[in-house]
Amino acid sequence: MSDFLAPLSSTLADGPLHQLLAMGGPVMIVLLVMAVLGLVTFIYLILVGALYAPRLSKKLKSIITLWQQNPASVNPQVIRQQANRWAKLNPLQNLVTNTIEALQNKQDDRQVRETAARDAQQGLEPFEAPLKIIEVIAALAPLLGLLGTVLGMMEAFSAMAATEGRANASQLSGGIYEALTTTAAGLVVAIPFAALAAWIEFRLRRIHKVVNSTLVSVLTVTPEAFSGQVESLSEPASEAPAKPTTSQTRSEAEDEQELETHSRHRFANATG
C-alpha cells in the first residue's frame, strides 16, 4: 500500500500546487482557502435557488388571474391541498395564498401589506448571506494578493541588504517573481467571483421585481370588490326598489307634457 501511495505523495510534494504554495507563502494558502470557500458557496447558492427561489409558475398565474376576475371563487385551503411538493417549496405561492386568505378574512389593509412585505423579505433571505460571502471574497482577494507581493518584496530587499548590496540580478529578479505570484493569484480568484456576484445580484433583482409585481396584482383586489359580488348575489327580493304603478306613470307623463306646453308658451311670448 505504501509503495502504491509513494508516487502520489511525491507528485503532490513536487507538483505545481506545492510549488505555488511555496512561492506565495501563507498568503497563497489563504487565497486557496477563499477560492474553495467561494466555489462551495456558489454551488450551495445554485442548489438553494433551484429549490427555494420564488418563481411565478403557470399554476400561480392562473390563480392570480382567477382572483382578479372572480375573487369569491378562490379558496386558499383548496390551493394548499392541491399543491404538490414542488409547489409547496415555492415561497411566492405561499405568500400569495396567505395574502388572499388575509384579504378574504377582511383583515386590516395596512397589516396585510406589512405581513406580505415581511414574508417577501424572508423569502429572499437565504440568498443574501451567500451573495455577501462571494462579494467579500471578490473584494479581499486582490488586497491579499497585494499584501503577499509587499511581503515578498520586503523579504527580497531584506536579503539584498543582508549581503550588503552584493546580490546579483538573478537573485533579485527571482525574489520579485515570487512576490508578484500572489498578486496574480489574487486577481485570478477575484475576477470570476466578482462576475458571479454581479450575476447573482442581477438575478435577485429580477426575483424581487417578480415578487413585487405579483403582490401588487393580489393587493389591488380590495375586500369590498368580492364582498360586493357576494352581497349582490344574495340580496333579498324584498329590498329591491319598488316598480312604479300605472297611475303614477301616467300622472308623471301628464305633468311632463304640461310643463313642456307651458315652456313653449313662455318662449313664444318672449320672442314676440
Side-chain angles (χ1 to χ4, degrees), residues 16-17 20-21 24 26-65 83-99 113-150 180-219:
L17 182 61
L20 190 65
L21 294 177
V27 176
M28 191 66 70
I29 297 176
V30 176
L31 287 174
L32 182 62
V33 172
M34 290 177 60
V36 174
L37 177 62
L39 183 60
V40 172
T41 304
F42 178 70
I43 295 175
Y44 167 79
L45 188 60
I46 292 297
L47 295 177
V48 172
L51 294 176
Y52 301 104
R55 52 191 178 275
L56 188 60
S57 60
K58 294 182 179 179
K59 180 66 176 178
L60 189 57
K61 287 181 181 179
S62 62
I63 293 173
I64 296 174
T65 303
N84 54 17
R85 184 177 299 178
W86 181 254
K88 291 180 180 179
L89 295 177
N90 187 4
L92 186 57
Q93 180 162 337
N94 299 328
L95 177 61
V96 170
T97 306
N98 296 334
T99 305
R113 293 178 182 273
E114 291 178 355
T115 303
R118 185 184 67 249
D119 293 343
Q121 183 64 28
Q122 290 179 355
L124 297 177
E125 282 182 358
F127 308 97
E128 294 179 356
L131 175 61
K132 184 60 65 177
I133 292 175
I134 293 177
E135 289 178 347
V136 169
I137 291 175
L140 289 182
L143 298 178
L144 287 174
L146 181 60
L147 176 62
T149 298
V150 172
L180 292 177
T181 304
T182 55
T183 299
L187 294 176
V188 168
V189 173
I191 291 174
F193 282 110
L196 288 177
W199 178 74
I200 294 170
E201 186 176 0
F202 172 73
R203 292 289 299 172
L204 286 180
R205 287 183 179 178
R206 289 189 60 182
I207 293 175
H208 193 270
K209 185 177 179 180
V210 170
V211 172
N212 285 341
S213 61
T214 304
L215 285 178
V216 169
S217 301
V218 174
L219 293 173

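For the single chain, residues carry numbers from 1 onward in sequence order.
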Query raised in the report: Quick one: salt bridge (charged side-chain N to carboxylate O under 4.0 Å, His left out) pairs with a partner in residues 183-206, sequence neighbours left out?
Result: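 Checked against salt bridge (charged side-chain N to carboxylate O under 4.0 Å, His left out) - neighbours excluded - the pairs reaching residues 183-206 are E201-R205.
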Query raised in the report: Which pairs, with at least one residue in residues 131-146 and sequence neighbours excluded, count as a salt bridge (charged side-chain N to carboxylate O under 4.0 Å, His left out)?
Result: K132-E135
Under the side chain to side chain contact (heavy atoms under 4.5 Å, CB included) rule, collect the residues that match up with [X], sequence neighbours excluded.
X    : result
L124 : P54, I207, H208
L140 : M34, V136, L143
L39  : I43
A83  : A87, K88, Q93

Which atom names give the shortest non-hydrogen contact between [X] and [Y], and what distance separates them?
X    : Y    : value
I137 : L37  : CD1-C, 4.3 Å
V189 : A35  : CG2-CB, 4.1 Å
I64  : V96  : CG1-CG1, 4.4 Å
I134 : L196 : CG2-CB, 4.5 Å
L187 : P192 : O-CD, 4.4 Å
A197 : L131 : O-CD1, 3.7 Å

Report summary line: Taken in chain and number order and not counting sequence neighbours, the residues that satisfy salt bridge (Lys or Arg N to Asp or Glu O under 4.0 Å) with K59 are none
Query raised in the report: Can you list every side chain to side chain donor-acceptor pair (under 3.5 Å) pair that touches residues 34-58, not counting sequence neighbours?
Result: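 Counting only pairs at least two positions apart or across chains, no side chain to side chain donor-acceptor pair (under 3.5 Å) contact touches residues 34-58.
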Report summary line: Here the side chain to side chain donor-acceptor pair (under 3.5 Å) pairs for residues 184-198, sequence neighbours left out, are none
Value rounded to 0.5 Å, distance of [atom1] in [X] from [atom2] in [Y]:
X    : Y    : atom1 : atom2 : result
M28  : L144 : CE    : CG    : 11.0 Å
D119 : N98  : CG    : CG    : 6.5 Å
N212 : L219 : CG    : CG    : 10.5 Å

Query raised in the report: What residues form a side chain to side chain donor-acceptor pair (under 3.5 Å) with T149, not counting sequence neighbours?
Result: T182, T183
Query raised in the report: Is the shortest heavy-atom distance from the side chain of N90 to the side chain of N94 under 4.5 Å?
Result: no
